[in-house]
Amino acid sequence: MQLIYDNLKTYHQLYDKYKDYEGINNIKTINDNAGIAPVSVDRRIIDMLLFSKEMYRITDGTVNIALGPVLEIWHIYRTAGIDDPLNAQLPSMEELIRANSFTDINQVIIDEENSTVFLTNENMSLDVGAIAKGYAAEQVTKIAFQKGYTNFLLSVGGNTRAVGTKGQEKAPWSVGIQNPDKSSEQTSLYTMALTDLSLVASGNYERYYTVDGKTYHHIIDPNTLMPSDYFTAVSILCEDSGMADALSTAIYNMPFEKGKAFIESFDNVEAMWIFPNGERKFSNHFKDFILE
Ligand code: ADP
Ligand code: MG
């Protein structure tokens with residue numbers, strides 16, 4: 001546990017966009033130097049950003065770590081609205097569109113040789129919230145595995161990574177999927193049986209605020225610049241937890257038919273979609289992993 005904890009802590013500091021840490025250049029340092037200068041960073045940042053660019057490419061841009069300026073606006077309105085619910089407001093489309101002109105991921109310049117990252121415009125910023133937690137969980141899983149830990153379950157705030165099996169009976173790890181409907185007495189929808197698999201969910205039920213009786217959550221559709229409202233939650237099952245994290249945000253932002261075709265284009269990736277009316281839909285083999 002200490003090994004995993006220490007490594008997760010290091011990743012957390014590297015991927016933090018809110019805080020400075022003595023002697024560390026992190027995501028915040030990169031953002032602070034937007035339009036000013038390339039920043040020397042740890043290889044673990046370079047690799048995560050390269051992975052994120054690849055995720056942008058395969059998800060048709062629905063997961064974009066350069067969406068920072070737009071996400072920042074939503075963050076400001078959301079926190080203000082939570083602090084002072086009676087005066088909660090929505091950002092104007094005008095300011096969202098203006099911010100969106102600084103979200104081109106091709107302007108995130110990664111120099112692998114010199115291990116630097118440069119955002120070419122001062123208004124740009126990175127937000128790695130959709131990918132970094134799952135990516136870090138996967139890297140730490142690999143570290144633990146290489147140290148000889150071949151059976152464990154790692155749960156990092158909604159991202160679960162199962163390695164090997166549980167106990168002497170070599171049972172699969174069992175992990176619950178939370179019911180997005182918090183008014184329901186049924187807190188968990190399914191218990192899943194996992195071996196060498198990650199289970200990651202994205203949903204509208206954790207971080208949101210309310211304006212004029214309507215809730216607005218934290219996953220933003222890059223096409224509309226508004227919170228995506230196709231689903232209350234989605235879940236992804238696949239081995240790599242970084243991939244699972246990226247794909248869960250991606251299909252949350254895609255209409256069902258597009259997301260279904262997208263998921264079926266991969267081997268060994270399964271998904272579940274939960275619609276606002278409570279209806280659930282599944283990829284072809286998701287149900288094979290339901291224990292009860
Ligand atoms: P969770 O916060 O439940 O882990 P996600 O993995 O879906 O959920 O990530 C949501 C976070 O990702 C948001 O808080 C925000 O920082 C960021 N984000 C929101 N929309 C997008 C998007 N379209 N592309 C990239 N990042 C996003
Ligand atoms: Mg995600």
Side-chain angles (χ1 to χ4, degrees), residues 8 11-12 15-18 27-28 31 48-49 51-79 82 91 96 99-100 102-105 108 124-138 154-161 177-180 182 198-209 215-238 240-255 258-259 262-263 269 271-274:
L8 277 175
Y11 274 100
H12 173 71
Y15 297 167
D16 198 332
K17 72 169 242 182
Y18 294 109
I27 296 296
K28 179 173 188 291
N31 288 344
M48 185 270 293
L49 295 179
F51 178 79
S52 300
K53 282 199 174 207
E54 176 64 9
M55 291 298 111
Y56 176 88
R57 194 182 63 78
I58 70 169
T59 64
D60 203 13
T62 53
V63 184
N64 179 9
I65 56 159
L67 205 60
V70 171
L71 297 173
E72 188 57 35
I73 291 174
W74 278 107
H75 182 85
I76 289 166
Y77 278 81
R78 187 171 60 247
T79 40
I82 291 170
L96 290 170
N100 195 229
F102 302 106
T103 59
D104 181 0
I105 197 167
V108 179
M124 290 177 70
S125 70
L126 299 175
D127 182 322
V128 296
I131 294 184
K133 199 188 340 167
Y135 182 86
E138 187 64 23
L154 176 60
S155 174
V156 190
N159 291 36
T160 311
R161 175 63 156 106
I177 296 184
Q178 192 182 335
N179 189 350
K182 290 203 161 161
S198 299
L199 176 66
V200 174
S202 286
N204 66 5
Y205 47 89
E206 296 284 359
R207 273 190 278 165
Y208 58 83
Y209 76 119
T215 59
Y216 295 85
H217 61 82
H218 72 304
I219 303 174
I220 304 301
D221 180 344
N223 292 313
T224 62
L225 308 182
M226 297 293 287
S228 180
D229 57 8
Y230 302 112
F231 316 106
T232 50
V234 298
S235 288
I236 293 280
L237 270 179
C238 72
D240 183 300
S241 127
M243 178 99 170
D245 198 358
L247 295 186
S248 80
T249 307
I251 63 166
Y252 195 83
N253 281 328
M254 293 181 190
K258 182 178 172 186
F262 174 64
I263 292 301
V269 178
M272 171 175 70
W273 294 260
I274 305 174

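We count ligands from 1, going down the list as the structure has it; atoms in each ligand are counted the same way. Note that this is a predicted model, so its numbers are computed, not measured.
Protein heavy atom closest to atom 20 (N) of ligand 1, with residue, atom name and distance, is I220 N, 3.0 Å. For atom 12 (O) of ligand 1, the closest heavy atom belonging to the protein is A130 N, 3.1 Å. Nearest protein heavy-atom contact of atom 24 (N) of ligand 1 is N64 N, 3.0 Å. Among all non-hydrogen protein atoms, the one lying nearest atom 27 (C) of ligand 1 is L71 CD1, 3.7 Å.
Not one N/O/S atom of S248, from backbone or side chain, sits under 2.8 Å from the Mg ion (ligand 2). Residue I131: no N/O/S atom is found under 2.8 Å from the Mg ion (ligand 2).
Ring geometry for F51 against Y135 counts as tilted: the plane angle lies between 30° and 60°, on a 0 to 90° scale. The aromatic rings of H217 and Y252 sit perpendicular to each other, their planes meeting at more than 60°, with 30° as the lower class boundary.
Under a 3.5 Å cut-off, the side chain of D127 and the backbone N or O of L67 do not form any donor-acceptor pair. Looking at S241, its side chain does come within 3.5 Å of a backbone N or O of G134 through a donor-acceptor pair.
Of the candidates D245, N253, D127, it is D127 that places a heavy atom closest to atom 15 (C) of ligand 1. Ranked by closest heavy atom to atom 1 (P) of ligand 1, the top entry among H218, E206, M55 is H218.
Here L67 has side-chain heavy atoms under 4.0 Å from ligand 1, and that is the only part of it that gets that close.
For ligand 1 and T249, the ligand atoms under 4.0 Å from any heavy atom of the residue are 5 (P), 6 (O), 7 (O), 9 (O). Listed by number with element, the atoms of ligand 1 under 4.0 Å from a non-hydrogen atom of P222 are 23 (N). Within ligand 1, the atoms closer than 4.0 Å to a non-hydrogen atom of S202 are 5 (P), 6 (O), 7 (O), 8 (O), numbered from 1 in the order shown. Atoms of ligand 1 found under 4.0 Å from any heavy atom of K133, numbered from 1 in the order shown, are 4 (O). Atoms of ligand 1 lying under 4.0 Å from any heavy atom of V63, numbered from 1 in the order shown and given with element: 24 (N), 25 (C). If you number the atoms of ligand 1 from 1 as listed, the ones under 4.0 Å from a heavy atom of T62 come out as 22 (C), 23 (N), 24 (N).
In this structure, V200 has no heavy atom closer than 4.0 Å to ligand 1. Remark: distances from the non-hydrogen atoms of R207 to ligand 1 include one below 4.0 Å.
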Report task. List the steps, then state whether side-chain contact (heavy atoms from CB on, under 4.5 Å) holds for I274 with N179. Result -> CA-CA 9 Å; I274 305 174; N179 189 350; 6.0 Å; no
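The local environment of OH in Y77 is crowded, with over 12 non-hydrogen atoms from other residues, nucleotides or ligands closer than 6.0 Å.
Going from atom CG of L199 over to atom CD1 of I177 covers 5.0 Å, rounded to the nearest 0.5 Å. Rounding to the nearest 0.5 angstrom, the gap separating the CD1 atom in I263 from the CE atom in M272 is 12.5 Å.
For ligand 1, the polar-atom distance check finds no N/O of S248 at less than 3.5 Å from any of the ligand's N/O atoms.
Pairing each heavy atom of Y205 with each of A233, the nearest pair is CE2-CB, 3.6 Å.
Salt bridge status for D245 with K133: absent, with no side-chain N to carboxylate O gap under 4.0 Å.
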